[in-house]
Amino acid sequence: MAIKSKPKTIFVCGQCGYESSKWYGKCPQCSSWNTLEEQIRQTSPQASKGLSGGPILERGAQSLGGNFVQPKKLSAITADDKERYHTGLSELDRVLGGGIVRGSLILIGGDPGIGKSTLMLQICQYLGESYSILYVSGEESERQIKLRANRLKVTSDNLSLVSITDIDAVTALIESTVPQIVIVDSIQTMTSSAFTSGAGSITQVRECTQMLIHTAKTADIPIFLIGHVNKDGAIAGPKVLEHMVDAVLYFEGDKHLSFRILRAVKNRYGSTNEIGVFEMGEEGLEEVDNPSKMLLAERPANVSGTCVACMMEGTRPILAEVQALVCKTGFGNPRRMSTGFDYNRLNLILAVLEKRGGLFFGNIDAYMNVVGGLQLDEPAADLPIAVALISAYINRPVPEDLFAFGEIGLAGEFRAVTHGRSRVLEAQRLGFAKCILPMSEKKKLAKETDIRLQLLGVANLGDLLRLLRPKE
Ligand code: TYD
Ligand code: MG
């Protein structure tokens with residue numbers, strides 16, 4: 001028995017999604033002018049198909065054609081982890097939590113030009129060997145995609161391309177052709193004729209996503225959505241999409257460098273700690289099995305002011321080089337600059353080095369850089385940065401086969417961090433022979449029999465200075 005109710009007129013801001021029963025010239029939430037548009041909202045659940053609001057469970061229930069749906073016992077529901085589709089890229093599979101789950105909606109976000117379309121088209125070759133794929137593009141023509149596919153050597157016969165932007169046509173196409181995997185590039189170009197606001201507005205993006213979720217769940221097809229990140233770093237407005245979809249992967253990296261990192265920020269079917277590392281080359285993206293090796297490849301030998309840090313990206317240790325340069329201030333206040341490391345944290349380390357270690361930075365400029373466009377935001381980066389700064393200050397290189405990790409306290413003490421063992425083992429695998437680490441960490445690791453490299457424990461800044469500046 002369907003509950004009948006009157007349609008309600010509401011006004012929705014096309015920019016931020018603010019809803020009101022009254023029209024305003026200026027949106028009370030985001031202050032943009034003339035963005036509120038009239039919408040008719042049916043309050044009966046049957047009629048609300050395509051409109052946002054109803055939870056997906058409710059949708060699923062309706063699709064079964066009645067208001068009274070029997071819940072199932074957990075044991076009666078079959079779900080096998082083996083049902084995941086493998087993409088042929090183990091880096092992507094890992095970030096997805098072991099492969100693509102059927103019926104899931106996966107959002108791939110990132111800056112324009114970072115390689116989202118390339119990644120999606122590339123996995124079609126491997127996936128196309130076992131599954132039929134529909135690639136919907138609202139950005140490029142079929143010919144353009146073909147040219148890119150030629151370049152990426154994607155020739156799969158199971159891949160169908162279509163260049164449309166009407167979401168109703170897309171869902172109809174999915175329902176009629178029943179592909180096993182769908183890719184929508186990009187969600188910002190899709191529009192529903194039920195709404196007058198332009199493509200890419202909050203209303204359109206939200207409604208189109210809602211319709212695709214409905215299709216994905218009812219037809220049990222995984223759908224990849226590509227989403228461009230706007231200026232503020234959010235995918236189409238204030239995180240509207242992120243809570244709707246099952247997994248959100250961000251594709252990041254410096255456009256001018258070839259290094260790309262795929263990071264899960266949300267995953268209903270796996271951990272969000274994993275990252276995938278790729279390199280953009282002439283023939284598309286290549287997986288990087290050993291990112292540390294690549295990051296350390298061009299390390300200068302015998303130069304003061306550099307040290308290797310080991311950071312954890314999820315459960316994976318990655319080694320990266322940090323560089324420091326200090327020189328006398330020419331005029332006015334000393335300059336500080338930091339790339340890839342928090343500026344305030346750099347100032348804090350400089351203050352600790354000055355107060356607790358007696359190194360005077362008051363008339364010295366200090367520049368800090370993390371090689372490879374990486375961002376070190378772990379406290380474990382403090383110690384290698386301090387080592388690089390001290391090495392630059394005393395103008396003495398540290399040995400090439402040395403790396404460091406540990407946190408600095410304001411009293412000049414060094415503190416243990418997480419995953420000490422994995423960090424040391426990774427560096428050992430890459431041929432490092434010495435490790436500067438907090439004393440407490442050394443005591444913990446001393447018992448480990450598989451650690452063969454030399455552990456140089458330091459309890460405080462005094463210990464570190466004695467180590468780096470032995471008496472002549
Ligand atoms: P693209 O996948 O179109 O980016 P997005 O979909 O995220 O906007 O990637 C475009 C960039 O990738 C472009 O600058 C060129 C570069 N690229 C390569 O370097 N090699 C390749 O083989 C391909 C296909 C692209
Ligand atoms: Mg693209």
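Here the structure is a predicted model, which is why all the values come from computation and not from measurement. Indexing begins at 1, ligand by ligand and atom by atom, following the structure's order. Just so you know, residue 1 is the first one in the sequence shown, and it goes up from there.
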Any Gly284 heavy atom less than 4.0 Å from ligand 1: yes
Where is the nearest protein heavy atom to atom 4 (O) of ligand 1: which residue, which atom, and how far? Gly115 N, 3.1 Å
Which residue owns the protein heavy atom closest to atom 8 (O) of ligand 1, what's the atom, and how far is it? Gly113 N, 2.7 Å
Between Arg423 and Phe405, is NZ or CZ placed under 6.0 angstrom from the six-membered ring centre and within 45° of the ring axis? yes
I need the contact type for Lys116 against ligand 1. Using non-hydrogen atoms and a strict under-4.0 Å cut-off, is it side chain, backbone, both or neither? both
Applying a 4.0 Å heavy-atom criterion (strictly less than), which segment of Arg151 is in contact with ligand 1: side chain, backbone, both, or neither? side chain
Hey, does Gly281 sit under 4.0 Å from ligand 1 if you only count heavy atoms? yes
Location of contacts on Arg148 toward ligand 1, heavy atoms closer than 4.0 Å: side chain
So that I can check it, does any N, O or S atom in Ser186 come closer than 2.8 Å to the Mg ion (ligand 2)? no
Considering only heavy atoms, does Ser117 approach ligand 1 within less than 4.0 Å through its side chain, its backbone, both, or neither? both
For the rings on Tyr131 and Tyr85, is their centre-to-centre separation under 6.0 Å? yes
Ile145 and Leu121 have their tightest heavy-atom pair at O-CD2, 3.9 Å
Would you check whether Pro112 has a nitrogen or oxygen atom less than 3.5 angstrom from a nitrogen or oxygen atom of ligand 1? no
Determine, stepwise, if the pair Phe11 / Lys22 fulfils side chain to side chain contact (heavy atoms under 4.5 Å, CB included). CA-CA 6 Å; Phe11 296 89; Lys22 251 177 37 188; 5.5 Å; no
Indicate whether any N or O donor in one side chain lies under 3.5 Å from an N or O acceptor in the other, for Ser186 and Glu139. yes
Identify which of Met280, Glu282, Glu279 has a heavy atom lying nearest to atom 19 (O) of ligand 1. Met280
Do Gln428 and Glu426 have side-chain atoms, one donor and one acceptor, less than 3.5 Å apart? no
Distance to 0.1 Å, residue and atom name: give those for the protein heavy atom nearest to atom 25 (C) of ligand 1. Thr118 OG1, 3.9 Å
Going by atom types only, do Ser104 and Arg268 share a side-chain donor-acceptor pair under 3.5 Å? no
Side-chain donor-acceptor pair present, Glu378, His419, cut-off under 3.5 Å: no
